[in-house]
Q: 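Take a look at the following structure, please.
In what follows, every chain begins at residue 1, and chains take the letters A, B, ... in the order their sequences are listed.
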Amino acid sequence: MQLMWFRTDLRVQDNSALAAAMSSGPTVALYLISPAQWLAHDDAPSKVDFWLRNLKSLAGELGKLNVPLLVREADDWSAAPQVIGELCQQLQISTVHVNEEYGVHESRRDQGVADALDTLGIHFNSQLDQIFFKPGSVLTKSGTYFQVYSQFRKVCYQRLHSALPSVIATPKAQDPLAINSDAVPEQVPGFATPSDTLRQLWPAGEAEARRRMDDFAAEQIDFYQSARDFPAKPGTSQLSAYLAAGVISPRQCLHAALAANQGEFDSGNIGVVTWINELLWREFYKHILVGYPRVSMHRAFRPETEALAWRDAPQELKAWQEGRTGLPIIDAAMRQLLATGWMHNRLRMIVAMFLTKNLLIDWREGERFFMRHLIDGDLAANNGGWQWSSSTGTDSAPYFRIFNPLSQSQKFDPDGRFLRQWLPELVGLNKTNIHNPAAMGGLFGIADYPAPIVDLSKSRARALAAFKSLPHFAGEEAS
DNA sequence: TGTTAGTTCTG
DNA sequence: AGAACTAAC
């Protein structure tokens, strides 16, 4: 008997480990509920709820394949070896199949399980599935992990040209087993069920993910490059939550995009090329996590930035978190995050830059807050994004390239449509004033809307000074 | 995937 | 005055 252990790969289509298991023999599926571990990882309640809803949908898909889904609890992953070992003995499992995960804790968990199974004479078979290329297989000429994205991408392009990862066929149904599936819990203690409004924005299941992907590839991807930076437009794929939970695979995404561009990924349709570029950013940050694991252990990629004099400003942090900084684009973005579990990528950069530069608050505060609220929260991508914005990471924004929230707002939400959607107190303002109500002067101050909590000019200068005063800090040349 | 301040050009 | 350009952060 084979055991397929599902984690962040909640689908039956193009699933490497599931295909490996079912081609080896009769298969039973397992999912572990791990509330203490999830809390320790700052997993958002909306994300845990999304996992459970997708797990329920997955149970239905597995049912069509006659694969029973067992649900077990391992509060902390340190309990995983025992829980899985006992189950394997009960069911007389010969091999446990998984898709690789790349966090430090995930690797340690899998090693612990593999070791425990080994003493029981059970095999542990892990597959490349979450990304295109095995970490450690995309390296510089001197054999180190890339630190610069464009160079990494160049090698990825070569690899894609020589061997395109292909989508794996969905397994055929097996003969029914005399094992009953477990019920999937509706809720897990410690993770509140999100609002119906939020849940309805993110319907669960492979069919929904595929529908989104197909619609995007058919109708939006051509405009992706020109539309993706405007938060009021439906210019992005809205697939991040599904990718993070593994309800859809990057290989499926790649092939859907290629089909819209005559099979080309580095030329032709600029929208397609730009979108695939984003899939490769995702790939890059996963590789960074493996090559430089300190980034996920609350350490900056650039050690010299560890000495930065981040401000301890709990009131300002709280204002940022709650969307009441007095800067409309920041507040609208944070309210979008709180209400929907998601934030447009352009806005993630703007609010991250504002927190780490204008407020000069430690990027780790922002990283943690995002993880606690994002339905698509992914350790590698979230950490990569925050360290990019705070200029502490690989290939990050130069310390002097600081976004001005007002000009970003004017540039990327010119009519104020996005602002009006999230800031009812400002709906009456015209497209000039809405970006900067404070400029209208006290007499025209908006009831219920605060004055800006920082002076943008002074706080920008403060951030520049803080970076320049770092010992041994090698300031980059402008590019 | 930038912003600012200063200079020069243009009407 | 305001656009266009540039250097520096």
Q: Taking the minimum atom-to-atom distance to the side chain of Tyr399(A), which one of dC9(C), dG2(B), dT1(B) wins?
A: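 Comparing dC9(C), dG2(B), dT1(B) against the side chain of Tyr399(A), the answer is dC9(C).
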Q: Lys458(A) has an atom NZ; how far is it from atom P of dC9(C), in whole Å?
A: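 One finds 22 Å between P of dC9(C) and NZ of Lys458(A), rounded.
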Q: Can you tell me if Arg311(A) and Ser459(A) form a side-chain donor-acceptor pair at under 3.5 Å?
A: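 Arg311(A) vs Ser459(A): no donor-acceptor pair found between side chains.
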Q: Expressed in angstrom and rounded to an integer, what is the separation of Leu464(A) atom CG from dG2(B) atom P?
A: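 Answer to the nearest Å: 16 Å.
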Q: Side chains of Gln13(A) and Arg210(A) only: does a donor on one sit below 3.5 Å from an acceptor on the other?
A: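 A donor-acceptor contact under 3.5 Å links the two side chains.
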Q: Starting at CE of Met353(A) and ending at C1' of dC9(C), how long is that distance when rounded to a whole Å?
A: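 In whole Å, dC9(C) C1' and Met353(A) CE are 13 Å from each other.
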Q: Roughly how many Å is it from NZ in Lys468(A) to P in dA8(C), rounded to a whole number?
A: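 After rounding, the reported distance stands at 12 Å.
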Q: Categorize Ser457(A) for me: base, sugar-phosphate, or nothing, with a 4.0 angstrom heavy-atom threshold over every strand shown.
A: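 Ser457(A): no heavy atom of the nucleic acid under 4.0 Å.
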Q: Tell me, yes or no, whether the heavy-atom count around Arg294(A) atom CZ, taken from other residues, nucleotides or ligands under 6.0 Å, exceeds 12.
A: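 Enclosed.
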Q: Please report, rounded to the nearest Å, how far the P atom of dA5(B) is from the CG atom of Leu456(A).
A: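 My rounded result for the distance is 12 Å.
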Q: Can you check the Arg346(A) CZ to dG2(B) C1' distance for me, whole Å?
A: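 About 9 Å, once rounded to whole Å.
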Q: Without decimals, in angstroms, what is the distance between Tyr149(A) OH and dT1(B) C1'?
A: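 Rounded to the whole Å, the gap is 12 Å.
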Q: Round to the nearest Å and state the distance from Trp388(A) atom CH2 to dG2(B) atom C1'.
A: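 Checked: the CH2 to C1' distance equals 9 Å.
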Q: Is a donor-acceptor pair below 3.5 Å formed from side chain Arg401(A) to base dT1(B), judging by atom type as modelled?
A: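 Between dT1(B) and Arg401(A), which were checked side chain against base, a qualifying N/O pair under 3.5 Å is absent.
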Q: Taking only the side-chain nitrogens and oxygens of Asn404(A), find out if one of them lies under 4.0 Å from OP1 or OP2 of dT4(B).
A: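 For dT4(B), OP1/OP2 do have a side-chain N/O of Asn404(A) under 4.0 Å.
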Q: Within the structure, does a side-chain N or O atom of Gln408(A) lie under 4.0 Å from either OP1 or OP2 of dT3(B)?
A: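 The answer is yes; a side-chain N or O of Gln408(A) sits under 4.0 Å from OP1 or OP2.
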Q: Side chains of Gln238(A) and Thr236(A): do they bring a donor and an acceptor to under 3.5 Å?
A: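 On atom types as modelled, these side chains qualify, holding a pair under 3.5 Å.
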